[in-house]
There are 2 protein chains.
Amino acid sequence: MTIKAQFDHSNCADCPIRHRAVCARCDADELEALDAIKYYRSFEAGQTIIWSGDQMNFVGSVVSGIASLTQTMEDGRTQMVGLLLPSDFVGRPGRDVAPYDVQATTDVVMCCFRKKPFEELMDETPHIAHRLLQMTLDELDAAREWMLVLGRKTAREKIASLISIIARRDASIGQKGLSGQIVFDLPLTREAMADYLGLTLETVSRQISALKKDGLILLEGKRHVTIPDLGRLMEEAGDDSDGGFLV
Amino acid sequence: MTIKAQFDHSNCADCPIRHRAVCARCDADELEALDAIKYYRSFEAGQTIIWSGDQMNFVGSVVSGIASLTQTMEDGRTQMVGLLLPSDFVGRPGRDVAPYDVQATTDVVMCCFRKKPFEELMDETPHIAHRLLQMTLDELDAAREWMLVLGRKTAREKIASLISIIARRDASIGQKGLSGQIVFDLPLTREAMADYLGLTLETVSRQISALKKDGLILLEGKRHVTIPDLGRLMEEAGDDSDGGFLV
DNA sequence: GTTTCCACTTGATCTCCGTCAAAGCACCTA
DNA sequence: TAGGTGCTTTGACGGAGATCAAGTGGAAAC
């Protein structure tokens, strides 16, 4: 598995997280140009940010919280097709209509750019287009890896995959417990996990209980997780134990 | 569903199919520059074009035949994550290692560009980067739609989805029978279909037989398919009957 | 002609996961 | 304290699809 690149902002005194998505080099002029067309929007947990089929007049990135991309069938079956974590980008320069719902899974703050000016800026600034291409290719790889999870893994492996992915993503910005333990809170309800994994929430609950019984994870309450040995969990996920990805 | 954009080459006297992938406007200078760094490679059905983890020193597009992108787990389970049809692009400017196997499903001819020169050309030619970004976004959408198929559809719906997708993709360049009938040959073995759909080949065979029994498709031999009513087949696939995608 | 091979079909059985149903638990309001 | 609400857990059961195992048919090889 490939781990999504973390951008090095250590040299960027004036590079707020809200521009990480489009700014890898933190060019001052670009930041200024981006600042000129940006605005913020907040959403409550559960709120739909964009409906599938809607006109999309902005692009943007997640500043805080978690948003999800969801496909829906006519009869109501749904499949989550992506998770957007802070610094992830939403939107399609060059296309007007949203291909899936975007929902706020937790409370979300987004930094938006009006689409027209953003596209113009992209035309003038090859660096932004390149940056966007790299990000899109990363997401494509991640989507394809997720296809393996959806198509071929058992329920137990799916849960183990999801938990270890969240753990690694979280751990890279969060706290690491002593002796390699990883401690974090699941940011998703059982139902959201089921939507992401192509399972039912009952199966998710059962498999989490099973992993807990087998000592692969420890649970305090329903959300607070400790992973004593990430390697073992990843074996359980059927992964060759290196790297990882999300979205 | 969104249909992958077909490029209009009606005005392009000198635009061979081999450049459709990177050339939307058919700029003469760009074509010349691309011509200078291109070469052709042929592969036999079943051959592996690129192994996961290999160094990739070229990018390119499929000229004829069908290639597939495949993920493999340690224990041998596999999941096809994309089909490459003529004019589709392979490769990752900016990344060296292939994230999955690329295999020739039928005999394949590819038009390749050495990666280094191609990347340099991309730097000088914003148009190519834009074009590539659009293509990658299209593929991302397609991958995400396929996640819905893998995660939530029944075996019967999966088969109906795959057949109607191939039919539409084929029909757009192939022959249309009278009275809206679509006639074509399945370019995939039952096993390859199973790999793409997250099923076993036995289930694929059974579901194809079932669709045939129900009159949704007609079969002559094992591969030659007639679809009397595409709308009905797409309903069976659980699709809101518009558009379609592939790869 | 017949043998071999390979893709495919069909059948019998098993099992994992979905479905339906009930109950537990934390948190909020009154 | 009681009741409500939302999220979660657990149990019982059934079915869609996997697995194992023959068998078919058509084309190439001998």
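Keep in mind the model is a prediction, meaning the values are calculated, not measured. Chain naming here is simple, since letters A, B, ... match the order of the sequence lines and numbering starts at 1 in each.
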*If the sugar-phosphate is the primed atoms plus P, OP1 and OP2 and the base is the rest, what is the B/S/- string for nucleotides 6-22 of chain C, using protein heavy atoms under 4.0 Å?*
--SBBBB----SSBB--
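- The local environment of CD in B/Glu44 is sparse, with at most 12 non-hydrogen atoms from other residues, nucleotides or ligands closer than 6.0 Å.
- When each of B/Asp101, B/Val97, B/Val102 is checked for a side-chain contact (heavy atoms from CB on, under 4.5 Å) with B/Ile50, only B/Val102 meets the rule.
- Each of A/Ser42, A/Cys111, A/Cys112 was scored for a side-chain contact (heavy atoms from CB on, under 4.5 Å) with A/Val63, with one residue passing: A/Cys111.
- For the 3.5 Å distance criterion, the side chains of B/Asp195 and B/Thr78 qualify, holding a donor opposite an acceptor.
- Using bins of under 30°, 30° to 60° and over 60° for the plane-to-plane angle, the ring pair A/Tyr196/A/Trp146 lands in the parallel bin.
- Rounded to the nearest 0.5 angstrom, A/Gln47 CD and A/Arg41 CZ are separated by 8.5 Å.
- Extent of DNA chain D lying under 4.0 Å from chain A heavy atoms, first and last nucleotide in 5' to 3' order, is D/dT8 to D/dA12.
- Two residues are said to be in side-chain contact when any heavy atoms from C-beta on lie closer than 4.5 Å; A/Ile208 and A/Arg190 meet this criterion.
- Between A/Asp239 and A/Lys153 there is a salt bridge, since at least one side-chain N of the basic residue sits less than 4.0 Å from a carboxylate O of the acidic one.
- Tested against B/Arg144 for a side chain to side chain donor-acceptor pair (under 3.5 Å), the candidates A/Glu139, A/Gln71, A/Gln79 yield a single pass: A/Glu139.
- Note on the helix from C/dG1-D/dC30 to C/dA30-D/dT1: terminal axis deviation equals 20°, with five pairs used at each end and the result rounded to 10°.
- Atoms CZ and CZ, on B/Arg223 and B/Phe184 in that order, are 12.0 Å from each other to the nearest 0.5 Å.
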